[in-house]
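In each ligand, atom 1 is the first atom listed, and ligand 1 is the first ligand listed.
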Amino acid sequence: MKILVIGGGGREHTLAWKIAQSPRVDKVFVAPGNAGTAAIAENLNIRPTDIEALGKVAKEKNIDLVLVGPESPLASGIVDYFNSLGIPIFGSTKAATQIESSKVFAQNLMEKYGIPYPKGAVFSSYSEARKYLGQQKPPVVVKADGLAAGKGVIIANSMVEANKALSDIMEAKIFGSAGDKVIIDECLTGREVSLIAFTDGETVSPMLPACDYKKTGDGDQGPNTGGMGSYCPPGFFSAELIEKATNTILLPTVRAMANEGMPYKGVLYAGLMIVNGEPLVLEFNARFGDPETQAVLPLLKTDLVDILLAVIQGNLDQLKIEWSSDACVGVVMASAGYPGSYKTGFPIKGLDKVDKDVVIFHAGTKLGNDGIIYTNGGRVLTVASTGKDMAEAQGKVYRNLPSIHFEGCYYRKDIALREIKGINSKS
Ligand code: AMP
Ligand code: GLY
């Protein structure tokens, strides 16, 4: 088979890496990819949102299967378009992707079908929202409805902050039309977990759960990022909790979507908060998580291509998906300044100096004409390793990280630490 992966981050390098291991696969293409995918696949210089160009190249290269990484092509209807071309594609349709692209859509669905989520209210009028905020006490959570590159959720610790967030989103339109509607949520405290599942529209098969670290600094200090590291699986999210979340959230959501006439196929990512033993939905995504994928997929024993085909063909119930009982840790190396402004174009040294069983997933990297790999983004690499337990996996990653270097690189020193030390904190 020839398989095309769409996207160019750490998640897509991981997906391409896993697909390339399949005996069914002759060749992998990645659009646009990065220096890491260039080593295992052929990169195609096409943007993930240039759906027509992707369709054209998929025809020219006789692609047998397409896998979509990021949300923007899904939200623009890439799956509907490829279906109309008759090219098998893994992902959710434009209608089904609303579960991620509109938080109001997701909240209305959860309300209608009794799926647990934090108490909240939806507004399309700024003055109504402002009035409602006036009756709340901090902390409160203000969320823009639409896609906002992971920045559309503001946890306000004072009413001044909450009012500013509201006017930034609804009046100043800092996220454009994504801020035409807002959700104002009660602020929950609890432990967060990402539970990501394969689904063919009927059967739901959750992957191992993972935890993501969103803040730049150790102990969860500093600004929010796309994710600075991840580990899999978290001990606190027991098999019973996975089953509970599957039965109260994932399955009802997939059934609800079918009932609404928008069958849901692909990946359903539930960002959950566990409050007093009960999982509640903070967000849904229609894609694999980044950097969760870098910690989850190394533990997948079943051929990923078999799973993708079972989802597309609607026979996921006939496939037993197997996972390793090991643990996996992935730590992100970022450019100085990220998530604010940062410089790129620094040579990355030591990529060949790590132990054989440590994997380096590339994100913002670029292969120069001189054969040297340069930084090309804020999140540059995820360094990952499995181990028989979390301590072994984490130890391998942190022992190898100092071998890799680029100007201004930084990374968190505490990914998976709470899992090893049993620290009962949120970080
Ligand atoms: P979202 O994009 O909706 O997942 O929000 C991003 C992050 O904001 C989540 O991962 C949580 O850490 C936090 N968050 C979102 N909603 C809430 C809430 N109702 N209470 C507390 N934290 C929240
Ligand atoms: N790691 C969070 C996300 O992929 O949305």
Side-chain angles (χ1 to χ4, degrees), residues 7 9-12 14-15 68-72 74-75 97 99-107 110 116-122 136-157 162 165 169 175 178 182-196 207 209-216 220 222-232 234 249 267-275 278-297 330-332 334 339 361 363 378-379 382 412 415 426-427:
R11 166 183 53 208
E12 287 78 16
T14 314
L15 293 167
V68 188
E71 63 278 14
S72 50
L74 293 171
T97 303
I99 205 152
E100 170 165 5
S101 64
S102 169
K103 289 185 190 295
V104 170
F105 174 91
Q107 180 150 328
M110 291 189 278
Y117 67 97
K119 277 200 211 74
V122 173
Q136 308 305 307
K137 288 201 180 70
V140 288
V141 185
V142 182
K143 300 183 172 187
D145 173 45
L147 294 178
K151 300 194 177 107
V153 175
I154 292 110
I155 313 228
N157 288 312
I169 294 171
F175 305 122
V182 293
I183 292 178
I184 300 174
D185 263 356
E186 67 170 331
C187 186
L188 299 176
T189 47
R191 297 197 110 174
E192 275 189 70
V193 65
S194 306
L195 186 63
I196 310 173
M207 302 179 208
C211 284
D212 171 23
Y213 287 75
K214 289 198 163 75
K215 305 274 186 191
T216 48
D220 279 347
N224 259 329
T225 69
M228 293 299 292
S230 180
Y231 68 89
C232 172
I249 292 166
V267 161
L268 179 62
Y269 166 138
L272 305 176
M273 179 87 86
I274 317 305
V275 183
E278 296 299 321
L280 294 121
V281 179
L282 296 184
E283 68 167 336
F284 281 123
N285 294 315
R287 51 174 176 75
F288 291 87
D290 189 342
E292 289 94 328
T293 303
Q294 292 89 309
V296 172
L297 283 198
V331 177
V332 171
F361 295 118
R379 287 192 292 173
T382 303
R412 275 183 70 154
I415 305 300
K426 264 191 81 189
S427 71

Least distance between heavy atoms, [X] atom then [Y] atom:
{"X": "Phe175", "Y": "Lys151", "result": "CZ-O, 3.2 Å"}
{"X": "Pro139", "Y": "Asn157", "result": "CB-OD1, 3.7 Å"}
{"X": "Tyr213", "Y": "Thr225", "result": "O-OG1, 4.3 Å"}

Can you tell me how far CD1 of Ile415 sits from OG1 of Thr382, rounded to the nearest 0.5 angstrom?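 With rounding to 0.5 Å, OG1 (Thr382) is 10.0 Å from CD1 (Ile415).
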
Rounded to the nearest 0.5 Å, what separates atom CZ in Phe288 from atom CZ in Arg11?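 CZ of Arg11 is found 9.0 Å from CZ of Phe288.
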
Quick one: does Met273 get an N or O within less than 3.5 Å of an N or O on ligand 1?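 Looking only at distances, the answer is no, because the N/O contact criterion of under 3.5 Å is not met.
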
So, Ser230 and Asp212: side-chain donor and acceptor under 3.5 Å apart, yes or no?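 No, no side-chain donor-acceptor contact under 3.5 Å.
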
Tell me whether Cys187 reaches ligand 1 (any heavy atom closer than 4.0 angstrom to a ligand atom).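 Per 4.0 Å heavy-atom rule, Cys187 contacts ligand 1.
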
Under 4.0 Å from ligand 1, counting heavy atoms only, is it the side chain of [X], its backbone, both or neither?
{"X": "Leu282", "value": "both"}
{"X": "Glu186", "value": "backbone"}
{"X": "Asn224", "value": "neither"}

Pairing residues for Leu282 by the side-chain contact (heavy atoms from CB on, under 4.5 Å) criterion, not counting sequence neighbours: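 Applying side-chain contact (heavy atoms from CB on, under 4.5 Å) to Leu282 gives Pro118, Leu188, Glu192, Met273.
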
Only one of Cys232, Ser194, Pro291, Pro209 clears side chain to side chain contact (heavy atoms under 4.5 Å, CB included) with Val296; which?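 Of the listed options, the one satisfying the test is Cys232.
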
Would you check ligand 2 and list the protein residues that come within less than 4.0 Å of it by any heavy atom, ordered by chain and number?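 Around ligand 2, where the cutoff is 4.0 Å for heavy atoms, the contacting residues are Asp212, Gly226, Tyr269, Asn285, Arg287, Gly289, Asp290, Pro291, Glu292.
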
